[in-house]
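A short worksheet on the structure shown next.
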Amino acid sequence: MTSQFTPRVFSGIKPSGGLTLGNYLGAIKRFVGMQGQMETVYCVVDMHAITVWQDPAELKTATREVAAGYIAAGLDPTKSILFNQSQVSAHAELGWIFNCVARVGWMNRMTQFKDKAGSNAEKVSLGLYAYPSLMAADILLYHATHVPVGEDQKQHVELTRDIAAKFNHDFKADFFPITDPVIDGPATRVMNLRDGTKKMSKSGESDMERINMLDDADKIAKKFKKAKTDPEPLPETYEGLKDRPEARNLVEIYAALNDMTPEAVIAEYPGAGWGTFKPALADLAVAKLAPMSDEMRRLMDDPAEIDRTLMAGADRARAIAQPILEKTYDIVGLLRG
Ligand code: TYM
């Protein structure tokens, strides 16, 4: 079904809190890997961020931080389209159409909403509930065929497929592609450094449980050296990491940072103690991440330049999105003058 569509990548990151190693390995590093292989469109999804309260000044800084993270990691604004979502109003407009396509029952099954709303579901914003339909609009506004994301976004991309299929069916139009989530590599779910059963996230209680993309070399090394582990040394084979979430997480982070498989990491460090492996991981992480965090800080010293890059990207994004939105309105029967 997607074969009639030009291959195009779309993905995005919310500017809420800082970027983490989870965002880098699960998303940004993979975005860079797809650049040059097909058309790539990467967004800072600020309208998603405001589904929970954001301080306005901090939101602007966080938006620039995600853009700086993209560029520092190797996304080139001349090769990829880089922009922030709110500058292309077609996202909100298609989001509304999809609110009228998606079913309440589908939204009720979204596990991320249930986790975020918890026992407070009556008090969260309507936007948080409708969020997956805006995410479908982000993707389908570009007729994107490939969406690289971490494991936690899989259900939202599947919902995007359901929305596309229902739209195509209801309007008897083969218009939207049935998009593939791209969830590959060793780090599609980077875990918390203090509790290997929880995802590494921007919002965890302690800063020691995550690596931030803006952490300097000392912090990165310290956090890996203090990361929780179990008392056993590394196993002789990858299978030996089963039921050892903290150990497995550190091996997978090493693998992802060094572009190797976790099996190859174990083959390099069979039976190694933590006194050997943790310093090796800390050195590797500092070598890979510290230059990026330095570059992010340098870029963020010139916010006007970041703003110009995002504005130019938004112009290019609009050129793809606007005709697709207009065609959608026409298919739906919304009269245009
Ligand atoms: P967000 O901002 O929470 O996360 C951005 C990307 O980072 C990935 N990620 C992780 N990957 C591995 N391990 C982790 N610990 C980890 N934490 C985060 C996420 O899977 C994601 O790929 N709804 C999305 C943003 C979005 C979007 C889109 C994505 C809006 N529209 C359209 C793709 C296409 C979100 O909140 O991601």
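Counting convention: from 1, in listed order, for ligands and their atoms alike.
- Contacts between Asn23 and ligand 1 below 4.0 angstrom, taking non-hydrogen atoms only, involve backbone and side chain alike.
- Distance check, rounded to the nearest 0.5 Å: CG of Asn192 to CZ of Arg210 gives 9.0 Å.
- Of all atoms in ligand 1, numbered sequentially from 1 with element shown, those under 4.0 Å from a heavy atom of Lys199 are 15 (N).
- By the criterion of a heavy-atom distance under 4.0 Å, the side chain of Asp138, and not its backbone, is placed next to ligand 1.
- For ligand 1, the atoms sitting less than 4.0 Å from at least one non-hydrogen atom of Val147 are 33 (C), 34 (C), numbered in the order shown with element in parentheses.
- Compare Tyr42, Tyr24, Tyr131, Phe10 by their heavy atoms: the one nearest to atom 35 (C) of ligand 1 is in Tyr131.
- Within the 4.0 Å heavy-atom criterion, the part of Ile139 lying near ligand 1 is the side chain and not the backbone.
- Heavy atoms of Lys198 found under 4.0 angstrom from ligand 1: none, in either backbone or side chain.
- The ring of His143 has its center no closer than 6.0 angstrom to the ring center of Phe10.
- Panel note: side chain Thr188, backbone Asp184; no donor-acceptor pair is recorded below 3.5 Å.
- Across Lys278, Lys198, Arg194, Lys228, a single residue satisfies salt bridge (Lys or Arg N to Asp or Glu O under 4.0 Å) together with Glu246, and that is Lys228.
- In terms of modelled atom types and a separation under 3.5 Å, the side chain of Asp215 and the main chain of Asn212 share a donor-acceptor contact.
- Within the structure, ligand 1 lacks Met191 among the residues with a heavy atom less than 4.0 angstrom away.
- Only the side chain of His48 comes within 4.0 Å of ligand 1, counting heavy atoms alone; its backbone N, CA, C and O stay farther away.
- Contact annotation: for Ala187 versus ligand 1, heavy atoms closer than 4.0 Å belong to the backbone alone.
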- Message: Go through it in stages, so that I can follow the logic: the residues are Phe224 and Ile211, the test is side-chain contact (heavy atoms from CB on, under 4.5 Å), and I'd like the CA-CA distance, side-chain angles, deciding distance and then a yes or no.
- Response: CA-CA 9 Å; Phe224 276 117; Ile211 304 287; 3.8 Å; yes
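- Of the listed residues (Gln85, Glu151, Met200, Gln112), the one carrying the non-hydrogen atom nearest atom 17 (N) of ligand 1 is Met200.
- Heavy-atom contacts of Lys202 reach the following atoms of ligand 1: 2 (O) (cutoff under 4.0 Å).
- Side-chain contact annotation: Thr111 with Gln155, donor-acceptor N/O pair under 3.5 Å present.
- Here the shortest heavy-atom distance to atom 2 (O) of ligand 1, taken over Met47, Lys14, His156, belongs to Lys14.
- Looking only at side-chain heavy atoms (C-beta outward), Arg161 and Asp180 come within less than 4.5 Å of each other.
- Of the heavy atoms in Thr188, only backbone atoms (N, CA, C, O) come closer than 4.0 Å to ligand 1.
- Using bins of under 30°, 30° to 60° and over 60° for the plane-to-plane angle, the ring pair Phe83/His91 lands in the tilted bin.
- The shortest contact between atom 20 (O) of ligand 1 and any protein heavy atom is with Asp152 OD1, 2.4 Å.
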